[in-house]
Amino acid sequence: MSGTAAVAERIEGLNVIAGERRPARSGATFESRNPARAAEVVGVFPRSGAEDVEDAVRAASAALPSWRRTPWPARGEIILRAAQVLERRKEEVARLMTREMGKVLTEARGDTQEAVDMGKFIAGEGRRAFGETVPSELRDKWAMTMRQPLGVVGCITPWNFPVAIPSWKIFPALMAGNTVVFKPAEDTPACALAFVEALEEAGLPAGVVNIVFGFGEDCGEAVVRHPGVRAISFTGSAEVGRHIAEVCGSMLKRSSLELGGKNAIVVLDDADVELAVDGALWGAFGTSGQRCTASSRLVVQRGAVAAFTAHLTERAARLRLGDGLVDGVEVGPVVNEKQLHRVHGYTEIGVQEGAHLVLGGEVAREGVLAEGWFYRPTIFDAVRAGMRVAQEEIFGPTTVILPVESIDEALAVANGTRYGLSASVYTRDVRRAFRAVNELEAGIVYVNAPTIGAEIQLPFGGIKDTGNGHREAGRQALDEFSEWKSIYIDYSGRLQRAQIDVE
Ligand code: UN1
């Protein structure tokens, strides 16, 4: 692989509505830029408004009757083919992703692979999608269930996993027989278009997935408020999620929300400290810390804290920053200038709160790094549980070390946030491991591995303010996008009254 990023073409993206390429009705556009070289425009996309969303919902509604009648296995075949297209185009999609949102190429390949995995996995539901058949209390009567689609669903996705997260939502939505209006993050429109192109190439009928590019306030909001959209699946900030839940609640519309995290790695004093350092390094600084699952808190028992902090700091200081397309680069930029300011703002907050800055804490400006939005891997130690840097989601390459005395204190500190997505424990003691697994308040728990790295065959999601009780991925993904229908078939030829004519 060559060491430098080739100058690539600029994409002229358009909405995909009813299978047609369309600009925004207003003619407005916006640019997507490469965060490693802010001057480079990756593409220009329509800045859609409510009228474009109206067109997209209309197209999705028109496509619904035929798509929901398409047999489940036939829908599954199309999803499987889309996964195969992404697999074939993996390198191209990954390079586009690195250019568009900055994660290093190996991670961009992983993101694309996660979508391939999701497609292959959920396509199999085309020949399962089990319902129940249960006994009836009456003679010559059957009782059973089947899944039914919701209708038109809105999928609103973030920039940090710009192919994987759309796949978690759109593949299962389609599998269950829904049609989709897709509003991807304004930072990653090109990746979203690549995902939709894979579906098109796989033979998805026109109008079944419609993509409207644009911003949350004028485009996302219109999707959420549209009465023709029966459900919203959203991944993003807690603030926006709360707003979506309120709007959907007032409209009696389903919303499934995957929001913030402040995920803790607990390192107990009997842990393999080197293994824990490996995990913390990957969990905190992978994707420049821009994962909902990032290991943004490191809760370390007193006996391990000196060695852990020293080794982690030494290793993090050596991480190579740069353009993720360049061989050997380990940490890419943050996604945009606003995030860069936000991350630095939290460094200032931590310093003011009296946390001890042991590494980083500044924008990286030397050489070509000055052309992009790079922030140095940042570590605070001697952090107390109540500090804002220990409570609020920073979504950047910043992690905090919280020293604790005992496993009781470790679990209390780990559980002491509003979020509950992912958590991990490092220990060699099976009793302590199982206790932590049982008591950590999180939707996902790891033992001797960091808080990132969920696989698509298990459900993904969190408790407390991380969400509103839904799960993505796994077989549970279908629950988000389907209703149960209960069916009674009486073949007795006479009126039988439930609860009354029983024997
Ligand atoms: C996210 O950050 O929103 O478990 C998704 C992980 C990835 C997915 C992260 N498989 O870290």
Side-chain angles (χ1 to χ4, degrees), residues 86 94 97 101-104 106-122 155-172 184-185 187-188 191-192 195 233-238 240-241 256-265 278-297 331-332 334-335 339 393-399 419-424 440 442-463 465-468 470-474 476-477 480:
L86 284 172
M97 190 183 301
M101 59 69 67
K103 69 172 71 172
V104 297
T106 43
E107 292 188 40
R109 291 187 187 119
D111 187 315
T112 313
Q113 184 60 44
E114 199 161 335
V116 173
D117 297 343
M118 187 69 211
K120 288 182 177 175
F121 174 77
I122 208 72
C155 297
I156 304 180
T157 58
W159 47 262
N160 68 331
F161 275 78
V163 171
I165 291 180
S167 84
W168 296 357
K169 299 185 189 304
I170 294 172
F171 284 153
D187 284 294
T188 48
C191 291
F195 180 77
S233 178
F234 170 78
T235 300
S237 74
V240 175
S256 93
L257 309 170
E258 206 271 282
L259 310 173
K262 193 71 183 177
N263 316 289
I265 292 181
D278 282 341
L281 201 68
W282 172 231
F285 304 120
T287 329
S288 303
Q290 302 169 117
R291 296 195 190 210
C292 309
T293 51
S295 308
S296 49
R297 293 185 300 149
V331 180
V334 300
V335 71
Q339 277 302 118
E393 186 176 46
I394 299 172
F395 225 66
T398 302
T399 194
Y419 296 116
L421 180 55
S422 177
S424 114
L440 283 167
I444 305 165
V445 176
Y446 293 88
V447 177
N448 293 332
T451 57
I452 69 174
E455 302 176 32
I456 58 83
Q457 59 272 29
L458 285 184
F460 182 95
I463 63 171
D465 286 2
T466 289
N468 62 345
H470 290 271
R471 291 292 182 270
E472 302 194 275
Q476 290 76 359
E480 196 183 343

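Bear in mind the structure is a predicted one, so any value in this text is a computation, not a measurement. Just so it is clear, the values below take in all heavy atoms, side chains as well, and ignore hydrogens, waters and symmetry mates. Both ligands and their constituent atoms are indexed starting at 1 by order of listing.
- Note on ring orientation: taking the six-membered ring where Trp is involved, the planes of Trp159 and Phe395 are perpendicular (angle over 60°, cut-offs 30° and 60°).
- Close contacts between ligand 1 and Ala454 involve ligand atoms 4 (O), 6 (C), 10 (N) [criterion: under 4.0 Å to a heavy atom].
- Thr451 and Ser424 form no side-chain donor-acceptor contact under 3.5 Å, judged by distance and modelled atom types alone.
- With a 4.5 Å cut-off on side-chain heavy atoms, Trp168 and Thr235 do not count as touching.
- Taking the ring centre of Phe161 as origin, the terminal cationic atom of Lys103 falls inside the region bounded by 6.0 Å and 45° from the ring axis.
- Remark: ligand 1 and Arg291 share an N or O pair separated by less than 3.5 Å (distance only, no angle test).
- Close approach to Ile165 involves these atoms of ligand 1, each under 4.0 Å from a residue heavy atom: 3 (O).
- The protein non-hydrogen atom at the shortest distance from atom 9 (C) of ligand 1 is Phe161 CE1, 3.6 Å.
- Within the 4.0 Å heavy-atom criterion, neither part of Glu455 lies near ligand 1.
- Between Gly453 and ligand 1, at least one N/O pair is under 3.5 Å apart.
- Using a 4.0 Å cut-off to heavy atoms of Trp168, the atoms of ligand 1 that qualify are 5 (C), 8 (C).
- Less than 4.0 angstrom separates some heavy atom of Asn160 from each of these atoms of ligand 1: 1 (C), 2 (O), 3 (O).
- Close contacts of ligand 1 with Cys292, meaning ligand atoms under 4.0 Å from a residue heavy atom, involve 1 (C), 2 (O), 3 (O).
- Side-chain atoms of Leu458 and Gln476, non-hydrogen and from C-beta on, never get closer than 4.5 Å to each other.
- Close N/O approach between Glu114 and ligand 1 is found [any backbone or side-chain N/O within under 3.5 Å].
- Ion pair Lys169/Glu258 not flagged as a salt bridge, since none of the NZ, NE, NH1 or NH2 atoms sits closer than 4.0 Å to an Asp/Glu carboxylate oxygen.
- Asn263 is not listed as a side-chain neighbour of Ile452, based on a closest heavy-atom distance of 4.5 Å or more.
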